[in-house]
Each structure stands twice: as C-alpha cells, then as structure tokens.
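First the structure, in the form of structure tokens, and then the observations on it.
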Number of protein chains: 2
Amino acid sequence: MSTGEPKPYHHGELRPALLHAASGIIREAGIDALSMRRLADRVGVSRTAPYHHFKDKNELLCAIAEMGFADQDRMIGALIEGIGTDDGARLFENWVHAYIRFAHDNPETYDLMYGKEIWKQGEPTAVLRQVSKASFRLWVELVGELQRQKVLPASPPALRTAQACWATLHGLARLLIDGVYVQPGDLDEIANTAVELLTQRACGRDVPGTSA
Amino acid sequence: MSTGEPKPYHHGELRPALLHAASGIIREAGIDALSMRRLADRVGVSRTAPYHHFKDKNELLCAIAEMGFADQDRMIGALIEGIGTDDGARLFENWVHAYIRFAHDNPETYDLMYGKEIWKQGEPTAVLRQVSKASFRLWVELVGELQRQKVLPASPPALRTAQACWATLHGLARLLIDGVYVQPGDLDEIANTAVELLTQRACGRDVPGTSA
DNA sequence: CTAGGTAACTTGACGCCGTCAAGATATGCT
DNA sequence: AGCATATCTTGACGGCGTCAAGTTACCTAG
C-alpha cells in the first residue's frame with residue numbers, strides 16, 4: 001500500500017484526489033468554475049483542507065498545467081514514434097495539426113499552460129518552469145532537424161526560428177481557444193496555410209523529389 | 001453644451017468618467033485591479049452607479065476594448081499615411097513591429113481586445129463585434145495589397161493568408177504579454193525572424209529592386 | 001505502551017467581489 | 001405644476017481566496 005511517497009492519512013489521497021477533481025471541474029464547467037471551495041466540496045473535505053497540499057490556488061493551477069505538459073509531451077512523443085523523423089515535411093505538418101488539436105481538445109488546460117494567469121499574474125512553480133522549458137527544448141530540437149532537412153529555412157538559428165514558428169502555432173491555438181475571428185471549422189485550412197507559409201512551399205521552391 | 005448624446009445629469013459625465021478612470025486603473029495596476037466597486041469609488045459614486053451606464057462588468061470591458069481598437073486603428077492609419085502603400089515590404093515590416101509595440105505598450109487592453117475574457121467567457125457587445133470586424137477587414141485588405149506586390153505569396157486567398165499571418169502576429173504579441181518563453185529584449189529579433197519567414201526572404205527570392 | 005509532536009483537517013472570520021432590489025432624488029416634458 | 005423617467009444610493013446576498021485558531025489522527029521516542 002505504501003508507495004514511499006508521503007501520503008495524507010486522514011483522507012488517504014487528498015492531493016491526487018484534488019488534482020483529479022480539479023481536472024473534472026475544468027473539463028465539465030471550465031476554468032472559471034474552479035474555486036478552492038468548490039473543489040474541496042467536490043472531494044468532500046472542508047474549504048481549507050486543500051491548503052495543506054497547495055500553498056495557494058496558483059500552486060494548484062501550476063500542478064494542473066504540469067499535467068497538461070505531460071499530456072502534450074506524451075502526444076508529441078507518440079507522433080514522432082508513429083511517423084519517424086525521416087520525412088520532415090510530413091512530420092511538421094502532422095505536428096502542427098496535432099498541436100492545434102491538443103489545444104482544441106484541452107482549451108482550459110492549454111490556457112493554463114501558456115496563459116497569463118500563471119506566467120504573468122502569478123508565479124510559475126519551479127517545477128512548472130522546468131517542465132515547460134524541457135517541452136520547448138524538444139521543439140527547438142525538432143526545428144533544428146527540420147532546418148537540416150531544409151523543410152524550414154536554415155538562416156536564423158534554430159532557437160529563433162523555433163520561437164517564431166511556435167508563435168504562429170500558439171497564435172492559431174489562441175484564436176481557436178479564445179474564439180476570435182476564426183471558426184473551428186476553418187482552422188484546419190488555416191493551419192495548412194500557416195504550414196505552407198512557414199515551409200515556403202508557396203514560394204516557387206521545388207519540392208524535394210520533383211527537381212531534375 | 002448638449003451634444004445630442006444622452007448624458008447623465010447627476011454626475012454630469014459619468015459614463016466617460018468611468019471609462020477614463022477604468023483606463024487609469026488598468027494602466028496603473030493591471031486589469032485584475034479593476035473592479036466595479038473600486039471603479040465607482042475612484043469616480044466618487046456609489047457601488048452600483050456604474051450599472052446605470054453598463055449592464056454589467058462585461059459591457060464595461062467591451063467598451064474599453066472598443067477604445068483599444070480605435071487606438072490601434074489610429075496607429076495603423078498613421079503608419080500607412082507615413083509610409084504609403086508603394087513599398088509593401090517596408091510597410092509590412094513596420095506594420096509587424098508597430099503591432100507588437102502596441103501590444104507591448106497596452107498589454108491589458110490588448111488582452112481585452114483579443115482575449116477570452118470577452119470573446120469566450122462573456123459575450124462581446126454588438127458594437128465591439130462590429131468594430132473588431134472592421135479592424136480585421138482593414139488587415140485583410142492590406143494583405144491583399146501585399147499579395148499583389150508579391151511580398152506575400154498569392155496562392156491562398158487574402159482571407160486565409162491574412163488569418164495565418166495575423167495568427168503569427170497574435171502569437172508573438174501573446175508571448176510577449178503573457179511572459180511565456182520570450183523575453184521582451186528578444187522580441188524585435190523574433191519579429192524580424194517572423195517577417196522573414198512569412199515574406200519568404202529567406203527562400204532565395206530576389207528582393208524587389210535588386211533584379212534586372 | 002504511553003507521551004509528545006506533528007501533519008492533516010475543520011470551523012470561524014475578514015475583506016474582497018458582482019449584482020439585484022428597493023428607495024431617494026433630480027431632471028425634462030406635458 | 002405634476003408626472004414619468006433617468007440617475008444615483010443604501011442594503012443585502014452569495015461567492016471568492018485565505019488567514020488564525022482549534023481539533024483529530026497518526027508516527028515516533030522513551
């Protein structure tokens with residue numbers, strides 16, 4: 001029974017129970033419906049019980065965001081495993097769509113992961129900072145590979161190119177999530193346009209394999 | 001004295017006074033510091049007085065966002081007037097930097113203009129919808145001109161290209177505002193990278209004026 | 001096996017928040 | 001002058017995050 005980790009004994013598993021319940025509330029009713037009091041109620045403990053496992057609400061949100069990064073990394077990992085890194089163009093295109101789909105499927109979590117609520121308004125946890133940095137490093141590495149395969153231009157270094165490309169993805173994701181200008185139905189097409197713009201296929205460059 | 005518009009007589013100019021005070025609070029202390037009660041206090045009226053000029057807080061925020069769009073349009077207008085539409089490449093580059101700078105200088109307003117608080121969580125006012133749509137249409141028209149000048153690829157129609165390009169701008173702005181990954185100092189460079197990516201200058205195309 | 005310490009949890013309270021209901025007040029129109 | 005109406009006020013409700021002080025259950029040292 002004892003897994004070595006420190007566990008609450010009164011409730012038994014309050015911390016994980018809180019995280020699970022919080023995810024449920026967010027999924028069902030949105031991030032605005034998540035309050036410490038409601039959460040405690042849902043789990044069946046008193047209003048302030050959660051404060052023994054999370055210093056404040058910000059820490060709880062950070063923990064949820066962490067789980068989001070874990071999910072995202074898992075998804076991206078599965079993508080790479082399924083496609084491989086040989087066909088960079090295909091990988092990039094799939095990456096973009098997968099990224100957008102993740103944001104679409106987990107809008108509230110995505111907002112926590114990359115939104116101001118944690119990053120500007122409150123302080124991100126040290127753990128969260130680390131997790132998100134690791135996630136971004138993965139992205140930079142992929143961009144480097146794409147540059148080597150000439151899917152992306154080689155001229156600005158990988159970091160800059162990764163930042164710029166990711167800004168595009170992030171922008172698309174936010175448009176979708178925040179419901180600004182773009183309807184969900186258009187998004188796949190817009191994502192394709194973005195891919196074309198970024199990979200310069202619309203530029204008149206020869207697609208590899210078609211040149212003499 | 002009477003301008004034809006309906007004016008409050010007790011306070012005299014409550015509505016504009018509220019908007020002005022709200023802008024002040026946002027500028028000085030951030031959007032989170034803006035509450036209806038505090039706002040009323042600042043103007044010197046009772047807690048519920050603002051509710052006679054704005055149905056609820058959402059409507060107040062929409063009105064502030066409207067002012068933001070007006071500011072942005074004014075800025076863009078000045079840009080076009082200063083540069084003209086002949087040198088599309090230069091206009092595009094300046095547009096991008098101006099857009100980012102606007103977001104940087106008015107982060108809270110930008111967030112209201114394009115954030116979920118109004119667009120998803122609450123309902124945007126009919127007026128706000130109209131204003132923002134007009135603003136976006138301006139952008140689509142500019143993109144069309146840039147396509148004609150071959151600064152941007154002609155293949156996806158203006159609307160799609162505009163959406164995709166704007167997503168990039170929006171993504172950059174959000175990274176800056178939300179404080180994710182990007183430091184303010186790097187932003188100009190990243191913006192340049194984005195411009196290069198989108199305008200395909202890194203692609204080997206001749207820059208207009210250098211070809212025979 | 002018991003005593004003490006500590007971690008987990010509860011109850012109560014404080015000061016915020018948005019906003020509704022009901023009353024007071026001043027204004028413009030007939 | 002009198003009435004309708006727009007403007008503003010006071011009071012109240014339920015919700016929020018979280019601090020302080022108390023209670024309970026467990027763990028460990030003697």
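Shown here are the salt bridge (charged side-chain N to carboxylate O under 4.0 Å, His left out) partners of A:Lys116, two or more places apart in sequence or in another chain: B:Glu108, B:Asp111. Checked against ring-ring contact (aromatic ring centres under 6.0 Å, His included), A:Phe69 has the following partners two or more places apart in sequence or in another chain: A:Tyr114. Under the side-chain contact (heavy atoms from CB on, under 4.5 Å) criterion, B:Asp105 pairs with B:Arg101, sequence neighbours left out.
As a whole-Å value, the separation of B:Glu117 CD from C:dG18 P is 11 Å. Residue A:His52 contributes atom NE2, which lies 15 Å from atom P of D:dT23 at whole-angstrom precision. As rounded to whole Å, 12 Å separates atom P of C:dC9 from atom CZ of A:Phe54. Whole-Å rounding puts the B:Leu39 CG to C:dC16 P distance at 16 Å.
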- In B/S/- notation, 5' to 3', how is nucleotides 10-20 of chain D contacted by protein heavy atoms closer than 4.0 Å? BBB---BBBB-

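The salt bridge (charged side-chain N to carboxylate O under 4.0 Å, His left out) pairs that include a residue from residues 119-147 of chain A are A:Glu123-A:Arg129, A:Glu145-A:Arg148, where partners are two or more places apart or lie in different chains.
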Pair up each side-chain donor or acceptor in residues 183-191 of chain B with any protein partner under 3.5 Å, not counting sequence neighbours, and list the distances.
unit_1: B:Glu189; atom_1: OE2; unit_2: A:Arg160; atom_2: NE; d: 3.0

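Between B:Arg38 and B:Asp41 there is no salt bridge, since none of the side-chain N atoms of the basic residue sits less than 4.0 Å from a carboxylate O of the acidic one.
Taking side-chain N and O atoms only, B:His53 has a distance below 4.0 Å to OP1 or OP2 of D:dC8.
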